[in-house]
Number of protein chains: 2
Amino acid sequence: MDETTEQLNRAFAALADPTRRNLVARLAGADATVGELAEPYDMSLQAISKHVKVLEDAGLVTRSKEAQRRPVHLDAEVFGLMTKWIERYRQEAEERYRRLDALLGRMADDEDQKQTHTKDAS
Amino acid sequence: MDETTEQLNRAFAALADPTRRNLVARLAGADATVGELAEPYDMSLQAISKHVKVLEDAGLVTRSKEAQRRPVHLDAEVFGLMTKWIERYRQEAEERYRRLDALLGRMADDEDQKQTHTKDAS
DNA sequence: GACTTTCTCAACCAGGCGGTTGACAATGCC
DNA sequence: GGCATTGTCAACCGCCTGGTTGAGAAAGTC
């Protein structure tokens, strides 16, 4: 499997968990340590440490390696990959939808015209 | 848990699987039946049927209910939800990055100025 | 009504995931 | 060195997931 594919696998999987999305949301405001991140949750520090590792493996987050107190920092790059993927297909879908809409519009016009003709003939 | 949260859970989880992302990519081009979708994969029809169900539960896909031959159709709406979520935090992260960059820039300028003064004094 | 085609449902299995607890590694401070 | 703080590693557990096979439901065709 190609590298981008695996990166998307990990990134989407990482954001599928609400706790991890919440971590991302908080990290968007400011860097934080695992301890600070863990504080508000009713969950062990180890659990949060694991969540952070998942985000890190997905490339969504980086950490300064000043071990003991290793602040976590949000990294925008992979997010870009994800939106690029999503937007591509969303736009195709919407384009197709617009074309279908236009087609239905034309069919309705034809229908109107038929009725007009009928009316004219009557 | 609120409804949007669960929707994002399901949507991100759905797209975490490469087979499902591939289905989405193909459906962006044209609607298709489960049989047509299953054809290219080395996998049972039932497996694909399950994958489609996951996409459907995530709201990424809808199906005309003319049971037996029930074409699958890509739905753009939830994709919008996802990009909105991602882009919000990506932009915050980039904004923070720019500010940090500017700060580092100013610090470097100060450093230059100090050197200039030293030079002037010498 | 019988048969074909298309798809889903149910049961099962291996493996991964999200959480726990307990031990311990690594740095900072006295 | 000794100790506190901060974080990770390892083993374990229950559950969900992605796949399989086999059976059956639902509509179209003869």
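Numbers restart at 1 for each chain; the letters A, B, ... are given by sequence-line order, proteins then strands. Everything quoted here is computed from the prediction, not taken from an experiment.
For the pair B:Arg70 and D:dA26, the criterion of a side-chain N or O lying under 4.0 Å from OP1 or OP2 is not met. Between B:Thr33 and C:dT6 there is no side-chain polar atom (N or O) within less than 4.0 angstrom of OP1 or OP2.
The interatomic distance linking A:Leu55 (CG) with D:dG7 (P) rounds to 15 Å, in whole Å. Remark: P of C:dC9 and CD1 of B:Ile48 are 16 Å apart, rounded to the nearest angstrom. Atom CD of A:Glu36 is separated from atom C1' of D:dG7 by 13 Å (rounded to the nearest Å). Between the CZ atom of A:Arg63 and the C1' atom of C:dA26 there is a distance of 14 Å, rounded to whole Å. C:dT6 atom P lies 14 Å from atom CG of B:Leu37, rounded to whole Å.
Under the 4.0 Å criterion applied to side-chain N and carboxylate O atoms, A:Arg96 and A:Glu92 are not assigned as salt-bridge partners. With respect to the salt-bridge test (charged N to carboxylate O, under 4.0 angstrom), the residues A:Arg21 and B:Glu6 do not qualify. Between A:Arg98 and A:Glu95, at least one side-chain nitrogen of the basic residue sits less than 4.0 Å from a carboxylate oxygen of the acidic one, meeting the salt-bridge criterion.
Listed nucleotides D:dG7, C:dC7, C:dC9 differ in distance to B:Lys53; the shortest reach to its side chain belongs to C:dC9.
The minimum heavy-atom distance linking A:Leu23 with A:His51 is given by the pair CD1-CB, 3.9 Å.
A:Asn9 places a side-chain N or O within donor-acceptor distance of the main-chain N or O of A:Thr5, the cut-off being under 3.5 Å.
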Worksheet item: When you check every protein heavy atom under 4.0 Å of nucleotides 16-24 of chain C, what one-letter string (B, S, -) results, 5' to 3'?
Response: --SBBBB--

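Other residues, nucleotides and ligands place no more than 12 heavy atoms under 6.0 Å from the OH atom of A:Tyr97.
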